[in-house]
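The structure appears right after this line, and notes come after that.
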Amino acid sequence: MGLPALLASALCTFVLPLLLFLAAIKLWDLYCVSSRDRSCSLPLPPGTMGFPFFGETLQMVLQRRKFLQMKRRKYGFIYKTHLFGRPTVRVMGADNVRRILLGEHRLVSVHWPASVRTILGSGCLSNLHDSSHKQRKKVIMQAFSREALQCYVPVIIEEVGSCLERWLSCGERGLLVYPEVKRLMFRIAMRILLGCEPPRAGSGEAEQQLVEAFEEMTRNLFSLPIDVPFSGLYRGMKARNLIHARIEENIRAKICRLRAGEADRSCKDALQLLIEHSWERGERLDMQALKQSSTELLFGGHETTASAATSLITYLGLYPHVLQKVREELKSKGLLCKSNQDNKLDMEILEQLKYIGCVIKETLRLNPPVPGGFRVALKTFELNVS
């Protein structure tokens with residue numbers, strides 16, 4: 001074979017497909033930005049739209065924080081990309097975020113990716129809007145009043161004490177903090193948000209299956225909106241269906257207790273408040289909506305708190321002088337001495353722990369459990385990049 005034939009073969013095999021691929025990426029970029037507001041002369045933020053159809057979703061899912069850090073170094077506080085099937089602008093910086101949050105319902109509106117809306121469902125709080133959202137939020141917030149939190153303190157003490165005994169029994173074997181804290185927070189959320197009594201720690205196979213299902217659902221919550229076998233959305237929905245089946249059993253049991261007058265009327269969990277609210281309005285109970293709300297409460301109630309608690313444990317281990325001050329404050333309130341363990345812990349004592357409160361706030365500032373949120377622009381507006 002002569003040299004011209006080899007060059008032609010190499011051109012067809014390597015160069016031509018590469019050129020076609022680059023052309024497809026360029027055309028995809030042009031297509032994504034073609035819907036911009038032509039009446040605005042200001043430029044769109046810098047950035048790329050990634051691969052056709054997939055955008056940069058795969059890179060973000062695989063690289064996660066590394067991907068976001070790379071984008072931040074390259075483009076700054078504001079850049080455009082394509083995530084979860086939609087053109088997206090990522091915004092950082094206190095001034096920029098403040099403008100967006102203050103422009104809620106005027107400049108922007110809450111709009112989660114299609115995969116989140118599909119998995120969590122249309123009946124959950126984050127997917128409701130206007131009066132429905134306001135009404136549902138008002139009911140759920142009753143479960144987080146000061147009086148309600150006071151009722152939860154004994155439950156939290158019981159669960160934390162049980163877990164501490166089990167952790168201390170591990171001895172030199174050690175344990176993985178995040179999985180253990182996540183399981184602890186899951187049990188607490190089950191009890192104080194849904195009024196469910198899970199099996200005792202370390203002995204509940206059903207509980208472990210439910211925790212694993214939540215982890216599977218969380219891993220695939222942000223994925224491409226493609227419902228085919230083995231896709232992220234498919235696995236997330238499969239895990240969600242298992243969670244819904246377990247939660248429905250708890251809801252039906254709670255309804256029976258409420259109708260029989262056996263439920264605690266003085267300390268109501270969020271699920272009980274939602275059920276009673278439907279009865280008060282004379283509405284027929286929507287089991288699907290209750291399951292979706294319960295799933296959202298459990299997701300928000302244990303994922304974020306587990307992340308924050310793990311960060312707190314990490315920072316206390318890194319800064320012994322802070323840990324010593326925390327111990328001194330607890331000791332001053334009679335919460336660290338065995339001789340004073342009969343002291344009843346309540347909201348009044350917790351509110352007096354000023355230094356510990358500052359430590360928790362600083363932990364949340366340094367390592368927030370929720371890295372961001374999603375909004376859809378209602379109209380074109382300008383952000384100050386400087």
Side-chain angles (χ1 to χ4, degrees), residues 21-22 24-37 43-93 96-97 99-101 103-104 107-122 124 126-127 129 215-228 230-237 239-240 296 299-300 303-304 307 368-381 383 385:
F21 178 71
L22 294 175
I25 291 179
K26 183 62 178 177
L27 290 172
W28 170 250
D29 189 82
L30 293 173
Y31 171 76
C32 290
V33 301
S34 62
S35 58
R36 59 165 296 174
D37 185 358
L44 289 173
T48 58
M49 291 296 176
F51 301 117
F53 304 108
F54 295 98
E56 295 185 311
T57 304
L58 296 178
Q59 294 98 306
M60 200 199 79
V61 170
L62 294 175
Q63 298 177 328
R64 294 187 180 271
R65 181 168 295 188
K66 184 179 179 182
F67 171 82
L68 298 177
Q69 290 173 344
M70 180 270 292
K71 289 286 186 178
R72 165 70 178 85
R73 286 193 300 267
K74 188 173 182 179
Y75 298 116
F77 281 149
I78 305 177
Y79 59 85
K80 68 176 182 289
T81 179
H82 195 285
L83 299 174
F84 312 115
R86 292 185 63 118
T88 304
V89 174
R90 189 163 195 260
V91 178
M92 292 168 284
N96 295 325
V97 173
R99 175 164 169 73
I100 289 178
L101 294 179
E104 194 79 58
L107 300 178
V108 297
S109 179
V110 175
H111 188 81
W112 292 94
S115 59
V116 178
R117 300 197 304 272
T118 301
I119 292 175
L120 291 183
S122 59
C124 63
S126 58
N127 287 331
H129 300 281
E215 291 175 352
E216 179 71 11
M217 186 189 78
T218 303
R219 278 195 299 269
N220 297 287
L221 198 58
F222 296 95
S223 56
L224 287 171
I226 303 174
D227 186 12
V228 296
F230 308 110
S231 68
L233 181 61
Y234 177 85
R235 293 196 301 270
M237 291 179 64
R240 189 272 320 266
E296 183 185 35
F299 169 68
E303 283 285 342
T304 53
S307 174
V370 180
F374 286 84
R375 300 290 188 276
V376 61
L378 300 178
K379 63 179 181 180
T380 301
F381 60 94
L383 286 174
V385 183

- Would you sort out whether Phe54 and Gln59 count as a side-chain contact (heavy atoms from CB on, under 4.5 Å), showing the intermediate values? CA-CA 10 Å; Phe54 295 98; Gln59 294 98 306; over 6 Å; no
- Task: Apply side-chain contact (heavy atoms from CB on, under 4.5 Å) to Phe381 and Arg99, showing your working.
- Result: CA-CA 10 Å; Phe381 60 94; Arg99 175 164 169 73; 3.9 Å; yes
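- Here Met49 contributes atom CE and Ile25 contributes atom CD1; the two are 13.5 Å apart, rounded to the nearest 0.5 Å.
- Atom OH of Tyr75 sits in a crowded spot, with more than 12 heavy atoms from other residues, nucleotides or ligands closer than 6.0 Å.
- Ser231 places a side-chain N or O within 3.5 Å of a backbone atom of Ile226 that can act as its donor or acceptor partner.
- For the atom pair CZ of Phe374 and CZ of Arg90, the computed distance is 9.0 Å after rounding to the nearest 0.5 Å.
- Contact annotation: the side chain of Ile119 approaches that of Leu233 to within less than 4.5 Å [non-hydrogen atoms, C-beta and beyond].
- The nearest pair of heavy atoms linking Phe77 to Asn96 is CB-ND2, 4.2 Å.
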- side-chain contact (heavy atoms from CB on, under 4.5 Å) between Phe53 and Leu224, worked out: CA-CA 10 Å; Phe53 304 108; Leu224 287 171; over 6 Å; no
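- Test Val91, Ile78, Leu383, Thr81 against Pro45 for side-chain contact (heavy atoms from CB on, under 4.5 Å) and you get one pass: Ile78.
- Across Thr118 and Arg240, no two heavy atoms sit closer than the pair O-NH1, 3.2 Å.
- For Thr57 (side chain) and Phe84 (main-chain N/O), a donor-acceptor pair under 3.5 Å exists by modelled atom type.
- Once rounded to the nearest 0.5 Å, the distance linking CZ of Arg36 with NZ of Lys80 reads 9.0 Å.
- Contact between Glu104 and Val110 at its shortest, heavy atoms only, is OE2-N, 3.4 Å.
- Here the closest heavy-atom approach between residue Cys124 and residue Glu296 is recorded as CB-OE1, 3.2 Å.
- Using cut-offs of 30° and 60° on the angle between ring planes, the pair Phe222 and Trp112 is tilted.
- Atom CE of Met70 sits about 6.0 Å away from atom CD of Gln63, to the nearest 0.5 Å.
- For the atom pair CD of Glu303 and CE of Met217, the computed distance is 8.0 Å after rounding to the nearest 0.5 Å.
- The neighbour count for Arg86 CZ, taken as heavy atoms of other residues, nucleotides or ligands under 6.0 Å away, does not exceed 12.
- Residues Ala24 and Pro52 come closest through the heavy atom pair O-CG, 4.0 Å.
- For Ser115 (side chain) and Ser223 (main-chain N/O), a donor-acceptor pair under 3.5 Å exists by modelled atom type.
- Residues Arg375 and Leu101 meet the side-chain proximity criterion, which asks for heavy atoms closer than 4.5 Å.
- Although no hydrogens or angles enter the test, the distance criterion places no donor-acceptor pair under 3.5 Å between the side chain of Arg235 and the main chain of Arg219.
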- Message: If you apply the rule side-chain contact (heavy atoms from CB on, under 4.5 Å), what do you find for Asp37 with Lys379, and how did you get there?
- Response: CA-CA 9 Å; Asp37 185 358; Lys379 63 179 181 180; over 6 Å; no
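- To the nearest 0.5 angstrom, Thr88 atom OG1 is 7.0 Å from His82 atom NE2.
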